[in-house]
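Atom set for the values below is all heavy atoms of this structure, side chains included, hydrogens, waters and symmetry mates excluded. None of these values were measured; they are calculated from a predicted model.
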Amino acid sequence: MKSLWSGLALLGAGLCAPLLPSSQAQPLGLPLPPPIPAGLAAPYPGLLTLQVDATDVARHIYRVRETIPVAGPGPLTLSLPKWIPGEHAPSGPIGSLAGLVIRAGGQRLDWRRDTVEMTAFHVVVPPGAGEIELELAQTAPGSGAFSGAAVTPEMLVVKWGGVSLVPAGWAVSGIRIQASVRLPEGWRHASALDGGVTTAQAGGDVTRFAPTSYETLVDSPLVAGRHMRRFDLAPGAEVPVHLDVFADDEAHLAATDAQIEAHRRLVQQAARLFGSPHYDHYDFLLTLDDEIGGVGIEHHRSSENGTGPKYFTDWDASAPERELLPHEYTHSWNGKFRRPADLWTPDYTTPMRDSLLWVYEGQTEFWGRVLAARSGLLTRAQVQDGLALVAARHAHEPGRRWRSLQDTTNGEILDARGAPGGYRSWTRGLDYYGEGALIWLDADTLIRQQSGGRKSLDDFARAFFGIDPGSREPVTYTFDDVVAALNAVWPHDWAGFLRRRLDGHGPGAPLDGIARGGWRLVYTDQPSPMQKAQEALYKEADFDDSIGLTVGQQDRLRDVRWDGPAFAAGLPTGATLVAVNGVPYEADVLQQAIRDAAAPGAPAIALLVKADNRYRTVQVDYHGGLRYPHLERVPGTPDLLDAVLAPRP
Ligand SMILES: [Zn+2]
């Protein structure tokens, strides 16, 4: 800036002339500060302590005190986790950290934030100090990639990584830390942490946990609340599994025996699928609350699962949410224990890379649906309806023309730099979930067909995820490892099979698994019960497969299908739908208008919309009638899909 300004001053009004002599045409930039060192495998000397006061529920503030032992005087860099496991992105909530004061022996130390890594703080430890003390606050818990609230009047979630700084340059597995939390009086809590001892204190109960590694602490969020119930999902088993449910109202905790039995069968079916567990105990942390919202984050010995309040008490309506627990549970094997080599990092400042998320998330999405069916959390018909919705979403996706599925694995990192707007069919979003599941169905049915039913993807799951019984030490893998494990189950050109589906540009989605499974994707004028439940739950009306739009809350166009009829009429994502053929918009009014427009010689559908603070009417020239996706059995073919979804005896 300075050199440009002095150039202008020298040249006066002669702005057409070159601003600088050619030898100085480009300013010389300053070198970057040294990078934050990557974590060393050696153990960090001493035990850190972390005290989180989570009693200020009304103001949504966590107040934190932390001590960090130091080996001697000199420069020290502290960092807040930036790359968050399970979020696959640089989503650490650094923006909500405030009030940072660092002291040694009562003397205040000046800190300086790194000018490149905003999550790193430099400080100089004075001679004679054995430890430093930190004071800080997290002012908006819950911000980050999954930005549902973390604090409500009835419950809260403490994510330890968002409220603690640790010495940079040390592996998170080698840093020992003892955490404690103060909770509002009378609240109960659950987490995967060991050795919690609670003492009643004025101002709120304090629970102190056993020392553990920072890696395990960050991987073990704590949920607490006023209304809680705990269910044993593996009665009598050597390795306990619990379902810890927190609700905004005591009435929402009324789970029936049959519902809990289905969750128990999930644990049994996962054990039969994967073989040995990689946890010594496991806790499903389930929050039934609209504010915290539809969060799902995997951990090694627990998972954060957020659903609506009526997960148990309106079982039919909550069907679309019941793949969540099977999905997050699968991650204990696929994602936490077996982890892509480029995603594993020794610390949370080293960038994570997401190239294998089509295995980590895609195959988990597949097993999540399969285990939902095998456990009876969903009926087979419900899982098939869900599969039809996924297949339809990807079947005619124009974004495939420019963006490969492989490139979508960068989606979480791109989202952390600003979430994209609508036009999902063009941007493709996080397609490696749904389309990844279709690829694994494709692989499963191929193995089943070619082996005459003797082998299946179940054999891959056991061989790939069931190794090292009981071990929690992550085992990394590469693309070649996945291919080798598939070949060991059933020889095939798996590298070619996968790369064509990952790097190709269509046409169409990988629907061979549905066809080989003995089914086909069809459209009728009636939504499936699963689609109706999804529309009700997410407060949307889905016309994606007919006029190419989805209407969300406040009648806003949540999405417009790229190159679809509504798009061709000039409708933008985000516009408000005001009227249909002159009648105020309601979902059933638009449904009827689409039906009417299918009559011979019927006029186009007139939509009055408000966009960019202007009202305008557009004519949607669509006459194909209502269209909703379903799977239909192909007569005379073996029902391999049924075999995939059948419980293991
Ligand atoms: Zn996942």
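- Look at D290 and K310 and you find no salt bridge, because none of the NZ, NE, NH1 or NH2 atoms lies under 4.0 Å from a carboxylate O.
- Contact between T152 and E291 at its shortest, heavy atoms only, is CG2-CB, 3.8 Å.
- A donor-acceptor pair under 3.5 Å links the side-chain atoms of S332 to the main chain of H300, judged by distance alone.
- Heavy atoms only, all atoms of each residue included: L253 and A247 are closest at CD2-CB, 3.7 Å.
- Residue R208 qualifies as open at atom CZ: its count of foreign heavy atoms under 6.0 Å is 12 or below.
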Under the criterion side-chain contact (heavy atoms from CB on, under 4.5 Å), I'd like the reasoning laid out for H299 against I297: C-alpha separation, chi angles, the key distance, then a yes or no.
CA-CA 7 Å; H299 303 287; I297 303 178; 3.8 Å; yes

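- Figure legend: R176 and Y44 shown without cation-pi pairing, the cationic atom not lying both under 6.0 angstrom from the six-membered ring centre and within 45 degrees of its axis.
- Of the listed residues (L233, N305, V241, L371), just one forms a side-chain contact (heavy atoms from CB on, under 4.5 Å) with Y329, and that residue is V241.
- Between the side chains of H281 and R301, a donor-acceptor pair is found at a separation under 3.5 Å.
- With respect to the salt-bridge test (charged N to carboxylate O, under 4.0 angstrom), the residues D283 and R230 qualify.
- Not a single donor-acceptor pair under 3.5 Å links the side chain of R462 to the backbone N or O of F274.
- Counting only distance, with no hydrogens or angles, the side chain of D468 and the backbone of S471 share no donor-acceptor pair below 3.5 Å.
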Report the C-alpha distance between D194 and T212 in whole Å, list the side-chain angles of each, state the deciding distance to 0.1 Å, and finish with yes or no for side-chain contact (heavy atoms from CB on, under 4.5 Å).
CA-CA 8 Å; D194 293 314; T212 189; over 6 Å; no

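- A distance of 10.5 Å separates CZ in R369 from CG in L645, rounded to the nearest 0.5 Å.
- The pair D219-K336 counts as a salt bridge, with a side-chain nitrogen and a carboxylate oxygen less than 4.0 angstrom apart.
- Of all the heavy atoms in P326 and L377, the pair that sits closest is CG-CD1, 3.8 Å.
- Side-chain contact, T445 with Q449: no donor N or O sits under 3.5 Å from an acceptor N or O.
- Taking CG of D444 as the reference point, atom CD of Q363 lies at 9.0 Å (rounded to 0.5 Å).
- From L183, atom CG reaches atom OG1 of T198 across 8.0 Å, with rounding to the nearest 0.5 Å.
- Distance alone, capped at 3.5 Å, places no donor-acceptor pair between the R188 side chain and the A224 backbone.
- Around the CZ atom of R648, the shell of radius 6.0 Å holds more than 12 heavy atoms that belong to other residues, nucleotides or ligands.
- T307 approaches L288 most closely through the heavy-atom pair OG1-CD2, 3.3 Å.
- Remark: side-chain polar atoms of W358 are paired, donor with acceptor, to backbone N or O of S355 under 3.5 angstrom.
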Please test V475 against R339 for side-chain contact (heavy atoms from CB on, under 4.5 Å), starting from the C-alpha separation and ending with a verdict.
CA-CA 6 Å; V475 179; R339 203 172 307 173; over 6 Å; no

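- Here the CG-CZ distance, from D385 to R380, works out to 14.0 Å after rounding to the nearest 0.5 Å.
- Looking only at distances, no side-chain donor or acceptor of E298 sits under 3.5 Å from a matching main-chain atom of G335.
- Considering CG of N334 and CD of E361, their distance stands at 8.0 Å, rounded to 0.5 Å.
- Under a cut-off of 6.0 angstrom, the local environment of CD in E238 is sparse, with at most 12 non-hydrogen atoms contributed by other residues, nucleotides or ligands.
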With side-chain contact (heavy atoms from CB on, under 4.5 Å) as the criterion, how do H88 and Y360 come out once you've worked through the C-alpha distance, each side chain's angles and the decisive distance to 0.1 Å?
CA-CA 11 Å; H88 322 311; Y360 180 133; 3.4 Å; yes

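- Contact check for F209 versus L50: no side-chain heavy atoms found under the 4.5 Å cut-off.
- With 3.5 Å as the limit, one finds no donor-acceptor pair spanning the side chains of S173 and Y214.
- Here F246 and H189 keep their ring centres 6.0 angstrom or further from each other.
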Passes side chain to side chain donor-acceptor pair (under 3.5 Å), W519 versus D639? Steps please.
CA-CA 8 Å; W519 295 74; D639 191 347; 2.9 Å; yes

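- Taking the side chain as every heavy atom from C-beta outward, P85 and M352 approach each other to under 4.5 Å.
- T345 and T350 form no side-chain donor-acceptor contact under 3.5 Å, judged by distance and modelled atom types alone.
- A donor-acceptor pair under 3.5 Å is absent between the side-chain atoms of T408 and the main chain of G411, judged by distance alone.
- Using a 4.5 Å heavy-atom threshold, the side chains of L285 and L243 count as separate.
- One side chain, D53 or T55, offers a donor N or O that lies under 3.5 Å from an acceptor on the other.
- A distance-only check finds a donor-acceptor pair linking the side chain of R264 to the backbone of D232 [under 3.5 Å].
- Side-chain contact of H252 with D248: a donor-acceptor pair under 3.5 Å is present, judged by distance alone.
- If you take CG on L156 and CG on D56, they are separated by 11.0 Å, rounding to the nearest 0.5 Å.
- The shortest distance between side-chain heavy atoms of V359 and W440 falls below 4.5 Å.
- In this structure, the ring of Y279 has its center no less than 6.0 angstrom from the ring center of F337.
- Side-chain polar atoms of T49 and T67 form a donor-acceptor pair below 3.5 angstrom.
- A salt bridge does not link D205 to R182: none of the charged side-chain nitrogens sits closer than 4.0 Å to a carboxylate oxygen.
- The closest side-chain heavy-atom distance from V267 to Y282 is not below 4.5 Å.
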Apply salt bridge (Lys or Arg N to Asp or Glu O under 4.0 Å) to residues R472 and D280 and explain how you reach the verdict.
CA-CA 9 Å; R472 282 159 58 197; D280 50 358; 3.7 Å; yes

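- Salt-bridge check for K159 with E304: passed, with a basic side-chain N closer than 4.0 Å to an acidic carboxylate O.
- Within a 6.0 Å sphere centred on CZ of R226, heavy atoms belonging to other residues, nucleotides or ligands number more than 12.
- For T364 and Y433, the side-chain atoms include no donor-acceptor pair closer than 3.5 Å.
- Minimum heavy-atom separation, L217 to A179: CD1-CB, 3.7 Å.
- Checked against the 6.0 Å centroid criterion, the rings of F465 and H278 do not qualify as a close aromatic pair.
- Note on ring orientation: taking the six-membered ring where Trp is involved, the planes of F312 and W315 are parallel (angle under 30°, cut-offs 30° and 60°).
- In this structure, the side chain of W170 does not engage the main chain of I175 through any donor-acceptor pair within 3.5 Å.
- Pairing each heavy atom of A255 with each of Q259, the nearest pair is CA-OE1, 3.3 Å.
- In this structure, R265 contributes its side chain and S375 its backbone to a donor-acceptor pair below 3.5 Å.
- Under the 6.0 Å cut-off for aromatic ring centres, Y348 and W83 do not qualify, their centroids lying 6.0 Å or more apart.
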